[in-house]
Amino acid sequence: MGALIPRKYERRPFLAGATVHPRGGAPFKGELIDLGRGGAGLFSGRFLPVGQPVEIVVAAAGFAGLAVERRFAGRVAHGRVGPEGNLLGIAFDRELGPDEFRPLERRR
């Protein structure tokens, strides 16, 4: 197993339901557990292999308290099978800009 690459951005707790759309597979539900400008942590009943392209869809608080659907494209960077479910680390295809991340930060 290769060495882990350190994260460029800190991840912060962020609890929200999400729908995961793996490329070439059926969507499934999961829970985001943390979020950063470069990626997210996801808890799920389903495991995906490292490198699997995904799109994560989550509702987040938007301006004026309105619910806004956010989509994040990325790849599975690491995964761990646990007795209660699977933990997946998702690296986004592009880093979120400060203006994109700020409304999400308020959501936690």
Could you tell me the separation between the CG atom of N86 and the CZ atom of F43, rounded to the nearest 0.5 Å? 7.5 Å

Minimum heavy-atom separation for F47 to V81, with atom names? CD1-CG2, 3.8 Å

For a quick test of reading the model, state the closest non-hydrogen atom pair linking Q52 to R23 and the distance between them. NE2-O, 3.1 Å

Taking side chain as C-beta onward, heavy atoms only, is L48 less than 4.5 Å from F28? yes

Would you name the heavy atoms of V58 and G17 that are closest together and state the gap between them? CG2-O, 3.2 Å

What's the shortest heavy-atom distance between P53 and R75, and which atoms? CG-NH1, 3.2 Å

Any F72 side-chain heavy atom under 4.5 Å of L96 side chain: yes

Is any NZ, NE, NH1 or NH2 atom of the basic residue among E95 and R37 found under 4.0 Å from an Asp or Glu carboxylate oxygen of the other? no

Could you tell me whether the side chain of K29 reaches within less than 4.5 Å of the side chain of S44, counting heavy atoms only? no

Exercise: identify the closest heavy-atom pair between A18 and L32: CB-CG, 4.2 Å

Tell me if a side-chain donor or acceptor on D34 pairs with a main-chain N or O of G41 at a distance below 3.5 Å. yes

Among the clusters formed by ILVMFWY side chains lying less than 4.5 Å apart, do V54 and V50 turn up in the same one? no

My understanding is that only one of V20, L42, I56 makes a side-chain contact (heavy atoms from CB on, under 4.5 Å) with L88; could you say which? L42

Using side chain to side chain contact (heavy atoms under 4.5 Å, CB included), reason through F92 and L35 one step at a time and then give a plain yes or no. CA-CA 10 Å; F92 296 153; L35 182 70; 3.8 Å; yes

Nearest non-hydrogen partners of V57 and R71, listed with the distance: CG2-NH1, 3.3 Å

